Every structure is written in structure tokens, then in C-alpha cells.
2 protein chains.
Amino acid sequence: MDSKNKSLSKNQQIVLDFIQRNKKPVKAYSILSSVQKKGINAPPQVYRALDKLIEKGKVHKVESQNSFVACKILNCETRHATIFSICYKCDSASEINDTKLFNYLSEFKDSGGAKFDGYNLEFFGTCNSCKKN
Amino acid sequence: MDSKNKSLSKNQQIVLDFIQRNKKPVKAYSILSSVQKKGINAPPQVYRALDKLIEKGKVHKVESQNSFVACKILNCETRHATIFSICYKCDSASEINDTKLFNYLSEFKDSGGAKFDGYNLEFFGTCNSCKKN
DNA sequence: AAAAATTATGTTATAATATAACACTACTAC
DNA sequence: GTAGTAGTGTTATATTATAACATAATTTTT
Ligand SMILES: [Zn+2]
Ligand SMILES: [Zn+2]
Ligand SMILES: [Zn+2]
Ligand SMILES: [Zn+2]
């Protein structure tokens, strides 16, 4: 069975619940302060949960922000192939689910003709909400 | 005149020289300890130089590594449109200069039909040198 | 079911990355 | 030569992430 279908531990579930309640990506220490009432007391507990959630495809890291966002793609297979659009005004991020782009990147070969194992693509722009304002 | 053609300040030149002497991406604090003999004493001096060098297109940040690498593309226009291949074994990174992929990403439109202002793409795999070993 | 292996937890301390704030200097531009 | 902008030097601190170690829970193997 694929690891992403394994069940979640207590701390993993607590951290995932919090991330999923947020529309925008959240920071590790923001998670920490928000889940202290649930008995998570220290950074390693958060970072360990995050590591596992990322492995299981439930959460992605937005590298340019050092923040974490829940995967909203059903049966996300893109644990190591993520595409985001990020608003530089409000820091919102949404995962792009574009099969054509996904395939284009998955099939991309380096100058030696070898495929890569994964990729992370972050587009930057203004989100629809910020465009209006 | 484009800002990337502006001349470099003393600290910017010192930091760029060091980055260019390294094949692999370098960390900010590694830069700092290496240029202390040149009179750069504190983190803000390094980070300020890095900010400007990035603005000027001389240096790119490898987001997944929090490291910095010199741009090796002549007259790099890709200040906000960077593509890297990163080896997860040895952490080497090289900028991919593929016109087709570059154009594909530059022309990519979100679901609302709007183009983005920039992007950063990081491919992960094993570099040629690590494949042999 | 007992032993072994793996995964998860709790905790303290510390490492690594990055910025705030302030005083001062150098270099344009008009 | 005054005003604006960019750069420097410095101290302190904020933010992000991991090391290390002890213990507990769960799963796998025998
Ligand atoms: Zn996803
Ligand atoms: Zn926005
Ligand atoms: Zn470049
Ligand atoms: Zn390598």
C-alpha cells in the first residue's frame, strides 16, 4: 500500500486538522502556538508531524515562504511534483492541478536525456482577490 | 537602463566573487565566514548584498536549500523566472537554460487566463557525477 | 504471546537562517 | 551645495529547524 494511505498518528492528525482549517499556508511556529492546547509543546513535535504529512502527500511545503499548506487534490500523487501559484501581496497559495503542465514537467529531460525524480514549481503573481483591490 | 547592468558596490562584489568561486550553491553564513577577512563582519551585510545581487540577476536563491548560486547565463533575464536541477545526493544545482521550457512557463496562464509575473522551478534528481558513483 | 523492530512521543537545548533598528557615509542629481 | 538615494557598520533579536536522548506505543516476526 502506498504510504500516503496509511493512517495518521495523533499529532499528525492534530497538525493536519489545523493546516486544513486555514486557507493560506501556515508557518510551523504558528501551528505550534495554535495546537499547544492539544498537548503539542515543542517544535520537534510539529516538525516531525509535518515531515510525515509531507511524506504521506497530505501537506506540501511552500519553499519560498517556509510555510505549509494542505493538499486539496483528491488522491494527490504529486508528493514530489508540486505546482503552486503564490500571491506576493497576500501570500495566499493554491495548488495548480493542470494535467498538461504536470505531464510536461514529468516528462522533461535534462540535456543528457534523463528524467528527474520530482520537481517543485512556484508561480508568482497577484491573486484574483488582490487584483480587485 | 536595466538594474542588472548597474555596477556593484564593494560588498556586493566581494560576495559575488565568493559565490562565483564556488561550483555549488553556498549558504549565507558560509559566505559570511569566508569574507570576514575582507571586512564583512555581520549577517546584514551579507544579506543586503545578496538581496541586491538577486535584484540585479547576478545571483539566484535556491529556495529548497536556502542557498545562493551565481547565474551563469549570459545576460540572464530570468531574475524572476528561474529553473534549476538539483541533486539530492550532493546538493549541486545548475541552472537550466531551455528556451522551450522557459517560454512554456512564461506563457502559462492560470485558470482565469492571467499570466504570472514570475516563477521558480526546481527539479530534483541525481546529477551525472553522482549517477556514476 | 514474547521478542524484536519500527514508529511515534515528550523534552531540553541549540543550531541555522534572516531581519529590525539605528547611526553614519558615499554617491548621484539637480 | 543641498537633497535624495544607496551603501555601510553594528548590535541585538526574530524566525526557522534540528540534535540528542529517554520513553512509549504499535506492528511484525517468531
Ligand atoms: Zn497536492
Ligand atoms: Zn492575494
Ligand atoms: Zn540566471
Ligand atoms: Zn550529485
Side-chain angles (χ1 to χ4, degrees), chain A residues 1-19 22 24-69 88 91 93 120, chain B residues 1-19 22 24-69 88 91 93 120:
Chain A
M1 194 206 300
D2 195 303
S3 68
K4 81 186 154 58
N5 291 323
K6 282 184 189 149
S7 67
L8 302 180
S9 76
K10 175 178 142 267
N11 287 359
Q12 289 160 23
Q13 192 64 59
I14 291 170
V15 169
L16 179 59
D17 284 348
F18 176 74
I19 297 175
N22 284 270
K24 288 187 190 179
V26 289
K27 302 276 195 169
Y29 277 73
S30 154
I31 297 171
L32 176 57
S33 64
S34 300
V35 299
Q36 290 198 318
K37 62 193 83 164
K38 305 258 182 191
I40 291 182
N41 307 306
Q45 295 175 293
V46 172
Y47 281 103
R48 284 189 298 223
L50 286 171
D51 285 348
K52 291 297 180 182
L53 290 168
I54 289 168
E55 264 182 42
K56 293 174 184 181
K58 301 291 188 189
V59 165
H60 304 302
K61 181 172 186 182
V62 181
E63 295 286 357
S64 62
Q65 294 185 339
N66 296 318
S67 64
F68 303 87
V69 67
Y88 56 73
D91 293 326
N120 176 249
Chain B
M1 193 204 300
D2 196 302
S3 70
K4 81 187 155 56
N5 290 321
K6 282 186 188 146
S7 67
L8 302 179
S9 77
K10 174 177 141 267
N11 286 358
Q12 288 160 25
Q13 191 64 59
I14 291 170
V15 169
L16 179 58
D17 284 349
F18 176 74
I19 297 175
N22 284 271
K24 288 187 190 178
V26 289
K27 303 276 194 169
Y29 277 72
S30 153
I31 297 172
L32 176 57
S33 65
S34 300
V35 299
Q36 290 198 318
K37 62 192 87 167
K38 304 256 183 192
I40 291 181
N41 307 304
Q45 297 176 293
V46 171
Y47 282 103
R48 285 190 297 225
L50 286 171
D51 286 347
K52 291 298 180 178
L53 289 167
I54 289 168
E55 264 182 44
K56 295 175 185 182
K58 302 291 189 189
V59 165
H60 304 302
K61 180 172 185 180
V62 181
E63 295 287 357
S64 62
Q65 293 185 340
N66 296 317
S67 65
F68 303 88
V69 67
Y88 57 72
D91 293 327
N120 176 248

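Worth saying up front: this structure is predicted, and the values here are computed from it rather than measured. To find a chain, count down the sequence lines: A is the first, B the second, and so on, and within it residues start at 1.
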Exercise for review: For the pair B:K24 and B:V69, evaluate side chain to side chain contact (heavy atoms under 4.5 Å, CB included) and give the outcome as yes or no after the intermediate values.
Suggested key: CA-CA 7 Å; B:K24 288 187 190 178; B:V69 67; over 6 Å; no
Exercise for review: Apply side chain to side chain contact (heavy atoms under 4.5 Å, CB included) to the pair B:V59 and B:V15, showing each step before the final yes or no.
Suggested key: CA-CA 10 Å; B:V59 165; B:V15 169; over 6 Å; no
Review point. In residues 37-47 of chain A, which residues come under 4.0 Å of DNA chain D by heavy atom?
Key: A:P43, A:P44, A:Y47
Point to revise | Distance, rounded to the nearest Å, where A:Q36 contributes CD and C:dT9 contributes P | key: 16 Å
Exercise for review: Give the rounded distance in Å between these two atoms: CD of B:Q12 and C1' of D:dT5.
Suggested key: 14 Å
Review point. Can you tell me if the side-chain N/O atoms of A:N11 get under 4.0 Å from OP1 or OP2 in C:dG10?
Key: yes
Review point. Has the side chain of A:Q45 got a donor or acceptor atom that lies under 3.5 Å from a matching backbone atom of A:A42?
Key: yes
Review point. Got a donor-acceptor contact below 3.5 angstrom from the A:K27 side chain to the A:Q65 backbone?
Key: yes
Exercise for review: Grab the CZ-P distance between B:R48 and C:dA21 for me, whole Å please.
Suggested key: 14 Å
Practice item. Specify the separation, in whole Å, of atom CD of A:E63 and atom C1' of C:dT17. Key: 14 Å
Point to revise | Euclidean distance, atom CG of residue A:D51 to atom P of D:dA17 [Å, nearest integer] | key: 10 Å
Review point. Reckon B:K27 has a side-chain N or O less than 4.0 Å from the OP1 or OP2 of C:dT17?
Key: yes
Exercise for review: Respond yes when some side-chain nitrogen or oxygen of A:S9 is under 4.0 Å from OP1 or OP2 of C:dT9, and no when none is.
Suggested key: yes
Check your understanding: Would you say a side-chain N or O of A:K61 is under 4.0 Å from OP1 or OP2 of D:dA17?
Key -> yes
Exercise for review: To the nearest Å, give me how far apart CG (A:L32) and P (C:dG10) are.
Suggested key: 12 Å
Exercise for review: Could you check if a side-chain atom of B:D17 sits within less than 4.5 angstrom of a side-chain atom of B:V35, using non-hydrogen atoms only?
Suggested key: no
Exercise for review: Compare the minimum distances between each of D:dA17, C:dA18, D:dT10 and the side chain of A:Y29, then state the nucleotide with the smallest one.
Suggested key: D:dA17
Review point. Is a side-chain donor or acceptor of A:K61 paired with a backbone partner of A:D51 at a separation under 3.5 angstrom?
Key: no
Exercise for review: State whether A:N66 places a side-chain N or O below 4.0 Å from either non-bridging phosphate oxygen (OP1 or OP2) of C:dT17.
Suggested key: no
Check your understanding: Any side-chain donor-acceptor pair under 3.5 Å between A:Q12 and A:K58?
Key -> no
Point to revise | A:E55 CD to C:dT7 C1', straight-line distance once rounded to whole Å | key: 11 Å
Practice item. May I ask you to verify if any side-chain N or O of A:K52 is less than 4.0 angstrom from the OP1 or OP2 atom of C:dA8? Key: yes
Review point. Whole-Å distance between C:dT17 C1' and B:L50 CG?
Key: 12 Å
Review point. So, is A:K10 close to the C:dG10 phosphate, meaning a side-chain N or O under 4.0 Å from OP1 or OP2?
Key: yes
